[in-house]
There are 4 protein chains.
Amino acid sequence: MSHHGAPVTTSELMLQIAIRSFADRGYEATSMRQIAQDVGVKPASLYNHYPAKEDLLWAIVEDAITELEARQDAAVEVDVTPLRALRTFVRVHVRYHATHAQEARIVNARIRVLSSERYARVLDFRKRYERRLRDLLVGGDADGSFDLVDVKTTTFAILQMGMAISDWYRPDGELDPEELCDRYERHALRLIGVRVPDEPALERLAE
Amino acid sequence: MSHHGAPVTTSELMLQIAIRSFADRGYEATSMRQIAQDVGVKPASLYNHYPAKEDLLWAIVEDAITELEARQDAAVEVDVTPLRALRTFVRVHVRYHATHAQEARIVNARIRVLSSERYARVLDFRKRYERRLRDLLVGGDADGSFDLVDVKTTTFAILQMGMAISDWYRPDGELDPEELCDRYERHALRLIGVRVPDEPALERLAE
Amino acid sequence: MSHHGAPVTTSELMLQIAIRSFADRGYEATSMRQIAQDVGVKPASLYNHYPAKEDLLWAIVEDAITELEARQDAAVEVDVTPLRALRTFVRVHVRYHATHAQEARIVNARIRVLSSERYARVLDFRKRYERRLRDLLVGGDADGSFDLVDVKTTTFAILQMGMAISDWYRPDGELDPEELCDRYERHALRLIGVRVPDEPALERLAE
Amino acid sequence: MSHHGAPVTTSELMLQIAIRSFADRGYEATSMRQIAQDVGVKPASLYNHYPAKEDLLWAIVEDAITELEARQDAAVEVDVTPLRALRTFVRVHVRYHATHAQEARIVNARIRVLSSERYARVLDFRKRYERRLRDLLVGGDADGSFDLVDVKTTTFAILQMGMAISDWYRPDGELDPEELCDRYERHALRLIGVRVPDEPALERLAE
DNA sequence: AATGAATGAGGCTTCATTCAT
DNA sequence: AATGAATGAAGCCTCATTCAT
């Protein structure tokens, strides 16, 4: 697959068009006809690549949740402090929602249309992802690294202020993704009750 | 009008059913047939009360944004510190999103279907609402009351961690709305860099 | 009834509004809602005056065909020449279609919606009316007064060039109804092959 | 295209069914369901061929006005007397309204449903067509060939007695189209004040 | 892999009409 | 005589999808 480059296959083009349309208009408000027209193809042709509209959605959603989870997995370091782990989590979280805003908006939207099996997989992902953060918070709180208001709402606050980025962030704005990570990393540190006066943000990702 | 009581008129019942359905399934995924059926009426009857599906949506949206803004207006105190003003704003914000979760989800969803004039009114509301918080933050930062990471992302963070409450909060959960306000008030204080070690939360609203 | 004056009763007003709307937009394209709105009343109120939409139409049509036939009846003179009778017929015919253009357009439109009994009455009227002209033509042809191309197409030509007036005639145009009668009287004379070089048109109707 | 033969494509069949129904019942009184049923297809299939009901109507109307104008254009001869030009115009006019009675009825009906652009094209056609006859009449009157009662009503009379043919003419009646042309040619000659005692009608069109 | 055409289901909405008040 | 509300039927049209080519 050619992630983020120009689409090379018709299937990839269809997916990209669908991503844009689902993100901008919503899944229900997007018709197969519109997608086909934007792709430059007749509606029937879509079905040579994806058996149903839901499969287009699923291709997007599955890729997105897999990708996000993989990124968190890849960022995990062994024998690291709760603080550093939390900071890393936040940066990966924020970075994804800034650089993959369209996909994120699709995943975070109400996606009840998915088959129950697929829907369950999304819910599982959400549960695991949320638990990953919660466990970090609980760990840091337990060993005295953090000073939380409470676990539940702090988890939600960190998660959701990051997710909301996909609703307003524009890549051509004043902040590049790494600067955004810096800001939200500091917000997170404050939410967990950690004062790190002059410590710089974690090293940024090379572009 | 019978706000939040049992609906007494057919029009109010229709509105309540629509609120639930738009919030749960989304506007596009909700059909007039479904609403009619849930109301216990034939589809044509809906049109005796609301001339079009969009008007149902607008009745909900207009009421919600008017109500939220009115609550913030009503909470404004004169000659008050930036800190107290901010804390009040957050409590009103959080309280509304907890107690009016369905309406809030509808308003915060992508509502491009609205006529351009109505859509503009929503955008205006959002701009004013956001500016209200931003001005509070800017004021507190200027007089040294606050110590912000930055204005823009702090504004978004406070706003959106509150808005997200409407996605997960359940009235029958462990936290009642005022307790929720307490928590998010403390989150907000941390985000704006204010340590108020033992100060209690602002007085709560009588139920 | 108050023919042509301002409508004095609600029923008459409804009829007048219906005449205008049926004539301008057509029967099928006119809704009871529109009529009610133009009258300044709610749709249900129409039914206090006319039991159905078709009855509104019938009230118009019956009045029109009765009126037109009555006018022809009233114009009949005893012991008169075929020529004078024909000229009188044409003038009454033309005059009606100029002064009652809206009603005429309704009657002459496709009015299949009428119940079969009513539709039959319209067809009867048309047959009688056409026969009246045809008999005049046949009579004049038989005694040598006229020199027809043929009976059938001449009948249609005279009838229809008059009926078509209701499609274009405007009361505020350059010709008043009596001048119009003059012109069409002369057209008819030519069609029946009668040269009446300098004879003036028949005396006109007092306004 | 298979003009007037049996329809060979589904689109053509749809058009023919629509022509019959619009002509017989009227545009507003004809539903897409009815057309589909008469064609032997489901309603949705109509939209694979014509994007909207109005487009069906327009396909008919545009073809008709184009065709009629083309016929008049094709019949124009150079260096011809006003009389011969007029006789030719009338024959083409009458012939079209006899052989294309259904289309003519549709075009001559009130077709306000058309988009304003299309409606304007119909009005333009009507204006040009009427002017074509009027110019003939004016020309013949100016050089003394004709002796008109007046230009305006003579134009309307000739035009409309021909148009009305589409309302009553039946191809299986006693007169074939060319005989009908003969009759109306003679009517027209009389209306323009020309006596051509024994001159035969213009040569007829080979079938 | 692409598509023209068909379709069952359903979308929103309007219609004429009724009926209790 | 007027009307608010309800409704069965039907209006036009779009939807996702299928299938033969």
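So that the names make sense, note that chain A is the first sequence line, chain B the second, and so on, each numbered from 1. Heavy-atom basis, side chains included; hydrogens, waters and symmetry copies ignored.
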| query | Within 45 degrees of the axis of the six-membered ring of D/Y47 and under 6.0 Å from its centre: does D/K53 put its NZ or CZ there? | reply | no
Find the distance [X]:[atom1] to [N]:[atom2] and express it as a whole number of Å.
X	N	atom1	atom2	answer
A/M32	E/dG4	CE	P	17 Å
B/Q37	E/dC12	CD	C1'	16 Å
D/L46	F/dT14	CG	C1'	14 Å
A/H49	E/dA1	NE2	C1'	6 Å
B/L57	E/dC12	CG	C1'	15 Å
D/I35	F/dC13	CD1	C1'	14 Å
D/Y50	E/dG4	OH	P	16 Å
B/Y47	F/dG11	OH	C1'	13 Å

| said: Students often get this wrong, so: under 4.0 angstrom with heavy atoms, is A/S31 touching a base, only sugar-phosphate, or nothing? | reply: sugar-phosphate
| request: Describe the nucleic acid contact of A/T9 in one word from base, sugar-phosphate, nothing, applying a heavy-atom distance below 4.0 Å. | output: nothing
Closest to side chain of [X], choosing from [options]:
X	options	result
C/N48	F/dC13, F/dA1, E/dG8	F/dA1
A/A52	F/dT17, E/dC19, E/dA6	F/dT17
A/R33	F/dG8, F/dC15, E/dC12	F/dC15
D/K53	F/dC13, E/dT13, F/dA5	F/dC13
C/K42	E/dA16, F/dT14, F/dT3	F/dT3
C/V41	F/dT3, F/dA16, E/dC15	F/dT3

With the threshold set at 4.0 Å, does a side-chain nitrogen-carboxylate oxygen contact exist between [X] and [Y]?
X	Y	result
A/R105	A/D24	yes
A/D38	A/R25	yes
A/D55	A/R118	yes

| task | Please check the phosphate of E/dA1 (OP1 and OP2 only) for any side-chain N or O of A/S11 closer than 4.0 Å. | result | no
| said: Counting only side-chain nitrogens and oxygens, does A/S45 get under 4.0 Å of the OP1 or OP2 atom of E/dA1? | reply: no
| task | With DNA chain F as reference, determine whether D/P51 or C/A44 sits nearer its 5' end, using the nearest nucleotide of each. | result | C/A44
| task | Measure across B/M14 and B/S45 and return the closest heavy-atom pair with its distance rounded to 0.1 Å. | result | CE-O, 3.8 Å
| What's the shortest heavy-atom distance between B/I65 and B/R121, and which atoms? | CD1-O, 4.3 Å
| note | Per nearest nucleotide of DNA chain E, the residue lying toward the 5' end, B/E28 or A/T10, is A/T10
| When you match D/P43 and B/E54 each to their closest nucleotide on DNA chain E, which lands nearer the 5' end? | D/P43
| request: Please tell me if the side chains of B/I17 and B/Q34 come closer than 4.5 Å, counting only heavy atoms from C-beta onward. | output: no
| field | From CA spacing to verdict: side-chain hydrogen bond (donor to acceptor under 3.5 Å, both in side chains), C/S11, C/H49 | value | CA-CA 6 Å; C/S11 293; C/H49 299 265; 2.7 Å; yes
| said: What's the angle between the local helix axes at either end of the helix from E/dA2-F/dT21 to E/dT21-F/dA2, using five pairs per end and rounding to 10 degrees? | reply: 10°
